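The block underneath contains the structure these notes are about, expressed in structure tokens.
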Amino acid sequence: MTATKEIVVLPGDGIGPEVTKEAINILEAVCKRHGYKLKTRSFDVGGASIDRYGRPLTDETLKACKEVPAVLLGAVGGPQWDDEPKDKRPEAALLGLRKELDLFANLRPIKVYKPLIDASSLKPELVEGVDIMILRELTGGIYFGRPRLIEKTENGERGVDTMEYTTKDVERIAHKAFEMATHRKKKVASVDKANVLDSSRLWRKTVIQAHKQWPEIELEHVLVDNCAMQLVRYPKQFDLIVTGNMFGDILSDEAAMITGSIGMLPSASIGNEYAMYEPVHGSAPDIAGQNKANPLATIASVAMLCRHSLDMEEAAQEIEEAISSTLDDGFRTGDIYTKSPKEYLVSTSEMGSAIMKHLNPDLQPGTFL
């Protein structure tokens with residue numbers, strides 16, 4: 001009897017359904033190759049859920065996510081929902097999933113593929129060999145702190161957000177960082193704003209305390225504004241960056257341009273029981289439905305899903321090698337296309353087919369080849 005691997009798929013909005021379709025095709029292929037049957041259940045989330053059910057995340061969807069080891073998310077959001085109340089906007093689904101599943105650690109690998117060095121906005125000698133892991137605390141900080149409000153005052157309106165961290169919040173992400181560092185270069189850069197913010201002073205104090213249990217790991221503290229500068233000045237100085245929710249959100253998008261495109265970055269959000277995988281890019285409504293989106297970040301997220309949730313390390317490596325080989329072959333979606341004579345401009349589905357060809361060489365090549 002064939003063993004089954006089961007996940008929940010949340011295609012979401014914009015380009016989400018297009019890129020998740022290609023990623024699931026790849027996941028089905030590697031599962032079959034390794035003797036597993038893939039079972040997927042798909043649910044609306046974000047704007048698609050608002051349009052159908054009147055809310056961005058339903059109880060049914062959340063319940064299903066708690067019944068499987070992994071969730072694959074496409075993207076959420078779009079301008080048609082911008083005027084909704086904040087708890088009814090598509091992005092509220094992301095915050096709800098992270099909070100309800102207690103996904104406190106977000107892993108965002110920043111790795112430059114050699115064929116894409118020229119697509120980076122930085123000089124080739126700065127980006128060649130870059131391999132950074134950004135570990136972002138995901139369930140605390142300013143995105144969840146209270147109070148948060150907009151209120152009327154005598155002089156107009158006043159907006160308030162609260163940046164809050166507890167010792168427990170910081171301890172568990174710090175220990176996760178040090179544990180991950182033992183499998184990398186044994187160096188951690190903790191990023192904060194301790195020269196101004198009390199929440200960052202607690203962050204730094206707690207990280208220093210946690211580090212006492214990991215003496216073999218080199219620890220440095222970097223202010224967030226300096227880190228932003230250093231990422232474009234000399235990114236190879238970093239190996240593993242651990243930081244808070246908002247800082248990690250901003251720094252990982254900045255780091256995306258080191259790789260040449262945000263469409264190249266996968267991510268994993270992991271807790272003690274559950275995990276969710278998604279591309280770092282947004283819903284890109286301007287190209288939605290046009291078969292132009294880059295599916296590589298979502299496919300790379302599936303590789304992380306295999307590695308961290310399905311106990312399929314070999315399959316993860318096969319997917320990553322197929323991505324690298326496809327880029328070596330010259331295939332590019334529009335976001336990473338430089339018009340080089342050695343490149344071929346392809347669609348979302350054609351890129352997925354090119355990846356599949358490397359996973360299954362017996363497939364007949366498509367017309368775009």
Side-chain angles (χ1 to χ4, degrees), residues 7 9-31 38 40 42-48 71-79 90 109 111 113 115-116 119 253 256-257 259-267 277-306 318-340 342-360 363-369:
I7 68 168
V9 182
L10 307 177
D13 310 317
I15 62 173
E18 299 168 71
V19 294
T20 53
K21 178 183 177 183
E22 300 306 320
I24 290 302
N25 287 342
I26 297 300
L27 183 56
E28 286 179 338
V30 295
C31 281
L38 178 66
T40 64
S42 184
F43 296 86
D44 289 323
V45 73
V71 175
L72 178 66
L73 174 72
V76 298
K111 188 172 183 177
Y113 292 94
L116 295 184
D253 279 5
M257 296 318 299
T259 70
S261 171
I262 199 169
M264 295 298 301
L265 292 184
S267 76
Y277 301 84
E278 59 181 306
V280 173
H281 63 68
S283 61
D286 56 318
I287 60 170
Q290 300 176 44
N291 201 21
K292 293 181 177 180
N294 185 344
L296 293 182
T298 315
I299 293 171
S301 295
V302 162
M304 295 183 76
L305 187 155
C306 288
E318 288 169 358
I319 294 171
E320 290 165 347
E321 289 169 4
I323 292 173
S324 183
S325 296
T326 299
L327 293 171
D328 284 338
D329 292 340
F331 298 113
R332 305 285 189 271
T333 46
D335 58 314
I336 53 175
Y337 181 56
T338 65
K339 297 183 180 180
S340 164
K342 296 181 180 181
E343 293 179 354
Y344 307 93
L345 180 62
V346 297
S347 66
T348 307
S349 56
E350 289 170 342
M351 182 64 88
S353 297
I355 300 287
M356 188 71 78
K357 173 65 178 174
H358 280 285
L359 291 170
N360 188 350
L363 288 176
Q364 292 298 313
T367 56
F368 68 98
L369 296 171

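All of these numbers come straight from a predicted model, not from anything done at the bench.
- Note: K342 NZ to R332 CZ = 11.0 Å, rounded to the nearest 0.5 Å.
- Every residue two or more places apart in sequence or in another chain that forms a salt bridge (Lys or Arg N to Asp or Glu O under 4.0 Å) with D44 is listed here: R52.
- Qualifying side-chain contact (heavy atoms from CB on, under 4.5 Å) partners for A256, counting only residues two or more places apart in sequence or in other chains: I262, L265.
- Residues V76 and G46 share a closest heavy-atom pair of CG1-CA, 3.9 Å.
- For the salt bridge (Lys or Arg N to Asp or Glu O under 4.0 Å) test, residues two or more places apart in sequence or in another chain that qualify with E278 are R98.
- Among residues at least two apart or in separate chains, there is no side chain to side chain donor-acceptor pair (under 3.5 Å) pair with a member in residues 13-27.
- Contact of the I323 side chain with the Y113 side chain is registered, since non-hydrogen atoms from C-beta on lie closer than 4.5 Å.
- In terms of heavy-atom proximity, L327 sits nearest to M264 at CD1-CE, 4.0 Å.
- In this structure, T40 and L27 have side chains that are not in contact, with every pair of non-hydrogen atoms separated by 4.5 Å or more.
- Partners of N291 according to the side chain to side chain donor-acceptor pair (under 3.5 Å) rule, which considers only residues two or more places apart in sequence or in another chain, are S347, S349.
- Listed by chain and number, the residues in a side chain to side chain donor-acceptor pair (under 3.5 Å) with T338 are E343 (sequence neighbours excluded).
- Residues P279 and S301 share a closest heavy-atom pair of N-OG, 3.6 Å.
- No side-chain heavy atom of K111 sits under 4.5 Å from any side-chain heavy atom of T259.
- How far CD of E320 is from SG of C306: 9.5 Å, rounded to the nearest 0.5 Å.
- For P109, the side-chain contact (heavy atoms from CB on, under 4.5 Å) test picks out M133, P266, M304, with sequence neighbours left out.
- Every residue two or more places apart in sequence or in another chain that forms a side chain to side chain donor-acceptor pair (under 3.5 Å) with Q290 is listed here: K292.
- Remark: the H358 side chain and the D329 side chain contain an N/O donor-acceptor pair separated by less than 3.5 Å.
- Considering only residues two or more places apart in sequence or on other chains, D253 meets the salt bridge (Lys or Arg N to Asp or Glu O under 4.0 Å) condition with R108.
- Of all the heavy atoms in M351 and F331, the pair that sits closest is CE-O, 3.5 Å.
- Taking 4.5 Å as the limit, some side-chain heavy atom of I355 sits within range of a side-chain heavy atom of L296.
- Here D335 contributes atom CG and H281 contributes atom NE2; the two are 8.5 Å apart, rounded to the nearest 0.5 Å.
- In this structure, the side-chain contact (heavy atoms from CB on, under 4.5 Å) partners of A293, at least two apart in sequence or on a different chain, are I15, V19, I287, T348.
- Between I26 atom CD1 and S353 atom OG the span is 8.0 Å, to the nearest 0.5 Å.
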